[in-house]
Amino acid sequence: MDTNNSSSNLPIGVFDSGVGGFTVVKALRHTLPGENIVYLGDSARVPYGTKSRETVIKYSLKNASFLCSKNIKMLVIACNTASAHSLEALRSELDIPVIGVIYPGAVSARQSTSRNNIGIIGTEGTVSSGEYGKYIRELSNGTVNTASEPCPLFVPLAEEGWVFGEVPGLVAHKYLSRLQRKLPEMDVLVLGCTHYPLLRDIIQNECDRIFSRRIKLIDSGISTAQVVQQKLESQTLLNKNNLHGELQVFVTDTSKISTIGNRFLGEPLSGVERVDIL
Ligand code: DGL
């Protein structure tokens, strides 16, 4: 029996404030290699992490409306800040499934902690929204303690490719020491920003040193790819006819995209198109 839904061949739409969301696309392509993906990076208006909730919701609605014009079967909000602020607005506006990165990351973190102490790092917007902490508390009936720390300098460091050595080490040390003072018993840390997986090694080293124990890092992008897979399966939307899904990339500004993009995506980027949705 063919259980394929007629919409299963349609692409998944993914948006981010810029190129950071390629870390989520990388995880999606690894978990779901047959899926076609249409990506929109709002690189003309990046960063979202320092902007108000109202502004991020407004930009997110525009991004979603562009992707819906490409006839997508599902929307993935790759940007943590946009997920924190605009998931509800997008869900009430769209009639396709909408998945953000925060809830999947919170579920993985909850499952991974044995000391019931979870740290969260992200942009100023994500941290001040309190969304990760809210979900983790809900999932644990209030038995898990959380603390968070904004790490804004990680974003330019990842984009510059400064992911090893003295400078990112000092920056990581400063941020993670602050977290250690707030939550000394932490054993799990959520990388609550698209850019942070690029700094994974340095964050891991500094964490292990500062907390004097092995800290488990949670990459929300990887957790999200697993949730997307489950959702597609449960809605019979998995694209089973395809072995190599296509990736179509749109950006609102092309500067530096191809150099930075390759690094975040982990594969060569081709055929990037600029669109005007402003
Ligand atoms: N994509 C953003 C996030 O994951 C980081 C970059 C920005 O501030 O726009 O929160």
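By convention here, the first residue in the shown sequence is residue 1. Order of listing sets the numbers, starting from 1, for every ligand and every atom in it.
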Problem set entry | Partner of Ser223 under side chain to side chain contact (heavy atoms under 4.5 Å, CB included), chosen from Ile218, Val107, Ile102 | Ile218

Exercise. Any idea which protein heavy atom is nearest atom 8 (O) of ligand 1, and the distance to it?
Worked result: Gly49 N, 2.8 Å

Exercise. Looking at atom 10 (O) of ligand 1, what's its closest protein heavy atom, distance included?
Worked result: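 Going atom by atom, the protein heavy atom closest to atom 10 (O) of ligand 1 ends up being Thr81 OG1, 2.6 Å.
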
For this session: Say whether Thr194, considering both its backbone and side-chain N or O atoms, lies within less than 3.5 Å of an N or O atom on ligand 1.
Result: yes

Problem set entry | Nitrogen or oxygen of Asp16 less than 3.5 angstrom from that of ligand 1 |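 Yes, Asp16 has an N/O under 3.5 Å of an N/O on ligand 1.
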
For this session: Measure the distances from the heavy atoms of Gly20 to every atom of ligand 1 and state whether one is below 4.0 angstrom.
Result: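 No.
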
Between the side chain of [X] and the main-chain N/O of [Y], is any donor-acceptor distance below 3.5 Å?
X: Thr123; Y: Thr126; answer: yes
X: Asp187; Y: Lys216; answer: no
X: Asp253; Y: Ala44; answer: no

Is the contact between [X] and ligand 1 made by the side chain, the backbone, both, or neither, using heavy atoms and a 4.0 Å cut-off?
X: Pro47; result: both
X: Val101; result: neither
X: Val46; result: side chain

For this session: Using a strict 4.0 Å threshold on nitrogen-to-oxygen distance, state whether Arg91 and Glu88 make a salt bridge.
Result: no

Problem set entry | Carboxylate-amine/guanidinium contact Arg110 Glu138, below 4.0 Å |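 No, no charged N to carboxylate O under 4.0 Å.
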
Side chains of residues 147-169: which donor-acceptor pairs under 3.5 Å do they make with residues two or more places apart or in other chains?
{"from": "Glu149", "atom 1": "OE1", "to": "Lys182", "atom 2": "NZ", "distance (Å)": "2.6"}
{"from": "Glu149", "atom 1": "OE2", "to": "Arg178", "atom 2": "NH1", "distance (Å)": "3.2"}
{"from": "Glu159", "atom 1": "OE2", "to": "His195", "atom 2": "NE2", "distance (Å)": "2.8"}

Against heavy atoms of [X], which atoms of ligand 1 measure under 4.0 Å?
X: Cys193; result: 3 (C), 4 (O), 5 (C)
X: Thr123; result: 5 (C), 8 (O), 10 (O)
X: Ser17; result: 1 (N), 2 (C), 6 (C), 7 (C), 9 (O)

For this session: Could you tell me how the ring of Tyr135 sits relative to the ring of Tyr103: parallel (under 30°), tilted (30 to 60°) or perpendicular (over 60°)?
Result: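 Aromatic pair Tyr135/Tyr103 classed perpendicular.
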
